[in-house]
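Just below is one structure, and these are the notes that go with it.
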Amino acid sequence: MDMLQRVQLACAEAIAALYGQQIPATDITLTPTRREFQGDYTLVVFPFIKWIKKAPDAIAAELGDYLKNHLPIIADFNVVKGFLNLVLSEQVWSELLEYLYTKPNYGRHPANGQKVMVEYCSPNTNKPLHLGHVRNILLGWSASKILEAAGYEVVRVQIINDRGIAICKSMLAWQKYANGATPQSVGVKSDHFVGNYYVEFEKHFREEYAAWQQSPEADKVFETYQKKGQSREQFFKDFKDRYFNQYSILGSEAAEMLRRWEAGDPQVLALWQQMNQWVYDGFEQTYALLGVSFDKYYYESDTYLLGKDIVEEGLQRGIFYRETDGSVWINLEDVGMDKKVFQRSDGTSVYITQDLGTARQRYQEYGIERMVYVVADEQNYHFQVLFEVLRRLGEPYANGLYHLSYGMVELPTGRMKSREGTIVDADDLIAEVINVARANSQERGTLADLPQDEQETIIRQIALAALKFHIIKVQPKKRMIFIPEESVDLQGQTGPYIQNAYVRIQSVLRKAEEIHLNWDASAQYVHLQDLEKELLRSLYEFPDIIKRAAAEYDPSLIAGYAYNLAKHFHRFYHDYSILRAESEAAKAFRLKLAQAISQVLKTAMDLLGIEMPEKM
RNA sequence: GGUCCCGUAGCUCAGCUGGAUAGAGCAUCUGCCUUCUAAGCAGACGGUCACUGGUUCGAAUCCAGUCGGGAUCACCA
């Protein structure tokens with residue numbers, strides 16, 4: 001089946017036969033021939049002149065001759081400046097089309113028997129989701145879909161940071177200021193409701209802090225701790241955290257709440273459960289809107305004590321060491337990292353300790369070979385350390401760990417900052433893009449005959465395609481600048497552009513059903529147009545693209561591929577008629593081609609978490 | 001300061017396991033809807049691929065250095 005492999009093998013064979021050189025077939029790279037030259041794939045012969053002392057053009061000509069005579073699928077060749085351009089027989093393309101036009105699963109690889117866990121999103125429970133989470137969610141979902149398509153069994157999980165001082169702030173503010181209000185009673189989406197109390201806490205805290213700064217106590221603090229030449233204003237800006245921990249009434253109340261939570265106070269636990277439940281309900285709505293889901297939720301309140309036994313075990317094996325004050329460390333300086341603490345001198349764990357514990361727990365629970373953490377790049381170092389430690393501990397899954405690191409999402413004005421109110425809320429963003437899509441659709445009027453709910457479904461599909469594609473087309477590790485106006489664009493290099501290619505094909509296929517057409521006639525189609533060959537060449541690449549995207553954990557490769565394919569199709573659609581083609585053979589051939597393209601587009605977009613409408 | 005990531009058109013991004021004349025979209029300008037959905041197509045404009053050096057027949061791509069931008073280096077999570 002794999003024609004490129006056959007060409008590679010034949011090339012190696014030719015080199016062996018003509019020049020007595022053994023070159024592994026996989027070392028022979030064939031690249032798609034540039035459009036301005038005649039041919040489908042190009043072999044660059046320059047690398048061979050090391051072993052074969054001949055002019056590149058001569059080698060290319062001899063190889064071309066050999067291939068044309070020995071390999072039936074090579075119809076012709078030409079040589080341009082050391083580049084051997086190979087023309088494949090038309091039959092190869094026809095056979096490829098016959099093979100794939102009826103295969104909705106084309107591109108997906110068979111199960112490989114391996115299990116991979118993908119952890120993504122992993123929010124805190126004191127605030128609603130924002131744009132940064134959206135990038136995380138889309139990457140995580142898409143990466144997991146791509147891994148599935150590459151043959152893995154995938155377990156999607158998130159770990160929720162449901163404990164700590166942050167949620168206590170929301171709880172305390174609710175207790176103090178809400179008068180028993182609930183999301184239902186005030187009609188606010190429940191995660192936003194909780195987030196509002198977090199904001200409320202911060203507001204009251206700032207007021208309290210500002211008032212305190214006028215007090216004699218503050219004067220004394222300033223005089224005692226002030227650094228040379230530091231202004232009073234700057235001093236209190238830097239002093240905020242210390243104020244919260246040592247002087248603040250609200251701060252001590254929040255800390256007290258955390259203590260009571262840790263002590264298992266039933267009242268506090270009940271409130272905590274209530275607040276978190278509100279947040280989860282809100283998150284679920286957002287996940288549903290985005291079309292993502294999880295197989296398992298982990299909660300830090302359950303896992304934050306894990307890993308202590310591993311530290312103990314590592315200590316005994318000499319992987320960790322104990323300082324005189326009792327704290328436990330690892331020294332990673334020999335691999336260019338630092339010393340890192342794993343247990344405080346008081347015996348309590350630090351954050352990374354629980355990561356050790358959860359990693360092992362997950363392995364034991366699921367028997368996974370690989371684990372992908374979708375986490376922003378500010379934690380690159382953390383994961384370097386974590387993975388190195390797990391390797392040293394000899395964990396069996398240690399070589400299958402991967403940090404899918406992605407760059408921060410910034411606005412044209414810079415980083416999002418809650419203090420400046422520039423956080424882009426996930427729900428607001430989705431609502432906005434849906435509004436734009438709706439306005440656009442109404443203007444076009446193409447959906448007017450459909451029932452209202454179907455219209456809304458399609459509008460939602462278009463809107464989310466725009467948003468998702470806009471985010472996911474950027475390589476994960478790159479920082480991205482999110483321009484709100486561009487994220488709602490529906491034309492150009494966008495999700496809807498690709499949907500439109502699909503919709504056009506569906507429309508043609510519907511029309512084709514109405515007329516009598518002999519699909520078998522495609523076999524008689526000869527002299528394919530360049531664009532048709534180019535489209536087939538793209539389709540042929542699809543399985544490899546999936547494999548590569550999985551190996552590199554990079555959904556943007558799929559996005560780029562889908563856009564490219566759609567672009568070629570739009571051009572083809574414009575330049576040639578399908579249903580009014582010159583012959584029955586051409587009609588059938590193009591119809592099959594269009595169908596194959598629509599399947600591949602649909603699969604590719606599915607891997608990005610984007611749905612395809614039948615009309616738009 | 002150490003480590004890691006980024007720097008490509010006015011803007012947002014592809015291309016990076018070395019191959020032919022560096023590509024898209026947006027923006028600006030110009031054409032194309034009695035013909036399968038114009039959310040489309042075609043054209044024009046737009047480049048010192050940050051800089052310098054090296055390796056190579058060949059470098060946006062690999063190596064070294066420089067300059068810019070970001071992240072990180074907590075007994076925080």
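Reminder, nothing fancy here: chain letters follow the sequence lines and each chain counts from 1.
The gap from the P atom of B/rC49 to that of B/rG10 amounts to 12 Å, rounded to the nearest Å. Rounded to whole Å, the P atom of B/rU61 lies 15 Å from the corresponding atom of B/rA9. Atom C1' of B/rC16 sits at a distance of 12 Å from the matching atom of B/rA22, rounded to the whole Å. B/rA39 and B/rC63: their P atoms are spaced 46 Å apart (whole Å). Rounded to a whole angstrom, the distance from the P atom of B/rC67 to that of B/rC26 is 39 Å.
A side-chain N or O of A/Asp338 and one of A/Tyr381 form a donor-acceptor pair less than 3.5 Å apart.
OP1 and OP2 of B/rC5 both lie 4.0 Å or more from every side-chain N or O belonging to A/Gln475. Residue A/Arg479 places none of its side-chain N or O atoms closer than 4.0 Å to OP1 or OP2 of B/rA71. In terms of phosphate contacts, A/Arg504 brings no side-chain nitrogen or oxygen within less than 4.0 Å of OP1 or OP2 of B/rA39. For A/Arg34 and B/rA20, the shortest distance from a side-chain N or O to OP1 or OP2 is below 4.0 Å. At B/rA71, none of the side-chain N or O atoms of A/Lys477 fall inside 4.0 Å of OP1 or OP2 (strictly under the cut-off). Dashed line: the shortest gap from a side-chain N or O of A/Lys511 to OP1 or OP2 of B/rU37 is under 4.0 Å. Between A/Tyr502 and B/rG40, a side-chain N or O to OP1/OP2 separation shorter than 4.0 Å is absent. An OP1 or OP2 oxygen of B/rU21 is reached within less than 4.0 angstrom by no side-chain nitrogen or oxygen of A/Arg35. For B/rA71, the OP1/OP2 oxygens have a side-chain nitrogen or oxygen of A/Arg415 closer than 4.0 Å. Contact annotation: A/Lys567 does not reach the phosphate of B/rG40 (side-chain N/O to OP1 or OP2, under 4.0 Å). Close to B/rG58, at under 4.0 Å from its OP1 or OP2, lies no side-chain N or O of A/Lys81.
Taking the nucleotide of RNA chain B with the nearest heavy atom to each of A/Ile462 and A/Gln384, the more 5' of the two is matched to A/Gln384. Residue order along RNA chain B, read from the 5' end via each residue's closest nucleotide, puts A/Lys473 first among A/Gln491 and A/Lys473.
Looking at A/Lys602 and A/Glu611, no side-chain N of the basic residue comes within less than 4.0 Å of a carboxylate O on the acidic one, giving no salt bridge.
Side-chain atoms of A/Ile483 lie closest to B/rC11 of the nucleotides B/rA39, B/rA20, B/rC11.
A/Tyr525 is listed as a side-chain neighbour of A/Arg590, based on a closest heavy-atom distance under 4.5 Å.
A cation-pi arrangement is found for A/Arg163 relative to A/Tyr304, the charged atom lying closer than 6.0 Å to the ring centre and inside a 45° cone about the ring normal. Both tests hold for A/Lys169 against A/Phe244: distance to the six-membered ring centre under 6.0 Å, angle to the ring axis within 45°.
Using a 5.5 Å limit on the distance between ring centres and a 30° limit on the angle between planes, the aromatic ring of A/Tyr563 does not count as stacked on the six-membered base ring of B/rA24. Remark: ring of A/Phe46 stacked against base of B/rG19; centroid gap under 5.5 Å, plane tilt under 30°. A/Tyr381 does not qualify as a stacking partner of the B/rA71 base, lacking a centre-to-centre distance under 5.5 Å together with planes within 30°.
With hydrogens and angles left out, the side chain of A/Thr42 and the base of B/rA20 share a donor-acceptor pair within 3.5 Å. Below the 3.5 angstrom threshold, one finds no donor paired with an acceptor across the side chain of A/Asp575 and the base of B/rA42.
At a threshold of 4.0 angstrom between heavy atoms, the contacts of A/Thr31 with the nucleic acid are absent.
Shown are A/Ile352, A/Asp355, A/Ile330; of these, the side chain to side chain contact (heavy atoms under 4.5 Å, CB included) with A/Val389 is made only by A/Ile330.
Taking atom CZ of residue A/Phe387 and atom P of nucleotide B/rU3, one finds them 22 Å apart after rounding to whole Å.
Nucleotide B/rA14: unpaired (no Watson-Crick or G-U wobble partner with both distances less than 3.5 Å).
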